[in-house]
Amino acid sequence: MMIRIAVASFLLAAIAPLATADDEVGVDRPSFVVLVTDDQRWDTLGCTGHAVLRTPNIDRLAAGGVLFRNAFVTTSICCISRASLMTGRYGRSHGVADFQTALTPELLAATYPALLHEAGYRTGCLGKWGIGGPAPEGVFDVWQAWGGQGEFFETIDGQEVHNSELLAGWAVDFLKTVPKDQPFCLVVNYKSPHEPFLPDPRDAPLFAENQFPVPATYNQAHFETLPALIRESEGRIRLERRHPTPETYQEFVRQYLRCLAGVDRSVGQILDVLDELRLADQTVVVYTSDHGFFLGEHGLSGKWLMHEESIRVPLIVRDPALPAERRGKTSDELVLNLDLAPTIIDLAGLPAPAGTDGGSLRPMLAGEQADWRQDFFYEHHFHYGGRIPRTEGVRTKEWKYITYFDVEPAHEELYELARDPLEERNLAGDPAFHDRLHAMRGLHRQYLERLPPAVVP
């Protein structure tokens, strides 16, 4: 009830010009399907250049929409990032700092599904919600989701069904039962390719003959250049547990990619039903992930840290309202998980909630010039009993500054991304880059002064 009152108060003035009691609310507004994978790095799609993995259905989305080649998350862990996807806020702004904390009623009311639901949309959430607390009330008409990790397989009518196939079936059911005169917003949260990487049996034969190159930074010499707080961190523990040998590494990568092949098939089923029901021409489809994943880079597995493999994600937006000349385009602007909610709210014709940190991607979709961000802030305060070093930093288009502040003095890193895209050479201690280090420290300090204090679990 508190959520519905909060949303109603917020939207009363906004909805009034759009519909009256005699109108069908929102019939002419776009619907939305939002597809979110778990632990998928940006470079594991055909359309983003993977040399082996084929993702024809997700590539179909990119061919009909805009592919954002520089999309990032602001905290690389699922609970915090998913709350950012829903609210358009940094972790320290939405307050979800661990796996138990729920969004407050006020912030839940300001999520994009809640705002669309109150504006007349039929809403559904399938799969891994990933945010703590009880199931959100008053937000979703269809709730087939869970707060925890969930399982890769469910027994349905005596048959083992993979999560990606299960979600496709649920999504098809949702789409087939939406009233013809009602817009909808469906969020599909895949478990894949989250560890332990259990693919659909149909995909088990894939890549069996492939040998994948070992990352350039997956070697002892590079690993020894890292500070002890990283060498002894959870990322290293998991690497030594999951793929300690060349043979286990190859199978680790194969399983990761097999899971994504299953996601692509699932996405294809959803897209096909949108076509069959003649909904594609009025439905915006978004594809992204909650964060990236190390596949051995820097001698690490998992995520959490601020290196590219951990924070950079795929992002595709297919908007049927785009003119033909804008379809199949790419954008290299710095875009964030914080931008998803404002974009959907904007495309639905609703005002952005106060306090939103992200911005609408509508100008980039349309190919318009926009006064867009040139840098962004990163934070990770979930320390997992001290096994994940707490991190903050700033990334611009050309530079990255990272500070690990749980040691004295703080360990700093500075990378010139254009010349060092693999982040092999830390320039923070090089006198030649003192001025650049000072400038990046200042940019980091500006974010700390502007944003709320960190929320530490």
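Atom set for the values below is all heavy atoms of this structure, side chains included, hydrogens, waters and symmetry mates excluded.
- Aromatic ring pairs are classed by plane angle as parallel below 30°, tilted from 30° to 60° and perpendicular above 60°; the pair Phe152 and His162 is tilted.
- Between the CG atom of Leu206 and the CZ atom of Arg54 there is a distance of 11.5 Å, given to the nearest 0.5 Å.
- Within the structure, salt bridge (Lys or Arg N to Asp or Glu O under 4.0 Å) pairs that include any residue of residues 223-233 do not occur (at least two apart or interchain).
- Remark: Arg82 engages Asp38, Asp290 in a salt bridge (Lys or Arg N to Asp or Glu O under 4.0 Å) (not counting sequence neighbours).
- Under a 4.0 Å N-O distance rule, the pair Glu309/Lys303 does not qualify as a salt bridge.
- If you look at Tyr249 and Tyr218, their ring centroids are closer than 6.0 Å.
- Among residues two or more places apart in sequence or in another chain, the side chain to side chain contact (heavy atoms under 4.5 Å, CB included) test is passed with Asp141 by His117, Arg122, Thr123.
- No more than 12 heavy atoms of other residues, nucleotides or ligands lie within 6.0 Å of CD in Glu151, so this atom counts as exposed by the packing criterion.
- Screening Thr74, Thr75, Asn337 for a side chain to side chain donor-acceptor pair (under 3.5 Å) with Ser81, the sole residue that qualifies is Asn337.
- A salt bridge does not link Arg425 to Asp420: none of the charged nitrogens lies less than 4.0 Å from a carboxylate oxygen.
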Please determine whether side-chain contact (heavy atoms from CB on, under 4.5 Å) holds for the pair Val267 and Tyr190, giving the CA-CA distance in whole Å, both sets of side-chain angles, and the decisive distance to 0.1 Å.
CA-CA 10 Å; Val267 170; Tyr190 291 95; 3.8 Å; yes
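- Shown are Glu392, Glu308, Glu416, Glu412; of these, the salt bridge (charged side-chain N to carboxylate O under 4.0 Å, His left out) with Lys400 is made only by Glu308.
- Partners of Asp406 under the salt bridge (Lys or Arg N to Asp or Glu O under 4.0 Å) rule, at least two apart in sequence or in another chain, are Arg390.
- Residues forming a salt bridge (Lys or Arg N to Asp or Glu O under 4.0 Å) with Asp203 (at least two apart in sequence, or on another chain): Arg265.
- Inspection of the Ser164 and Ser266 side chains reveals no N or O donor paired with an N or O acceptor under 3.5 Å.
- Crowding of Asp332 atom CG: a count of heavy atoms from other residues, nucleotides or ligands under 6.0 Å exceeding 12.
- Using a 4.0 Å cut-off between a side-chain N of Lys or Arg and a carboxylate O of Asp or Glu, Arg89 and Asp357 do not qualify as a salt bridge.
- Each of Arg236, Glu424, His222 was evaluated against His298; a single residue qualifies, His222, per the side chain to side chain donor-acceptor pair (under 3.5 Å) test.
- For NZ of Lys397, the number of neighbouring non-hydrogen atoms (other residues, nucleotides, ligands) closer than 6.0 Å is greater than 12.
- Screening residues 445-457 for side chain to side chain donor-acceptor pair (under 3.5 Å), with sequence neighbours left out, gives Asp375-Tyr447.
- Residue Phe153 holds its CZ atom at 10.5 Å from OG1 of Thr155, rounded to the nearest 0.5 Å.
- Ion pairing of Arg373 with Asp339 is present here, as a side-chain N (NZ or NE/NH1/NH2) and a carboxylate O approach within less than 4.0 Å.
- No donor-acceptor contact under 3.5 angstrom links the side chains of Asp43 and Thr48, judged on distance only.
- By the 6.0 Å contact criterion, CD on Glu398 is open, its count of non-hydrogen atoms from other residues, nucleotides or ligands being 12 or less.
- Here the straight-line distance linking atom NE2 of His194 with atom SG of Cys259 works out to 11.0 Å at 0.5 Å rounding.
- Arg92 forms no cation-pi arrangement with Phe377, by the criterion of a distance under 6.0 Å to the ring centre and an angle within 45° of the ring axis.
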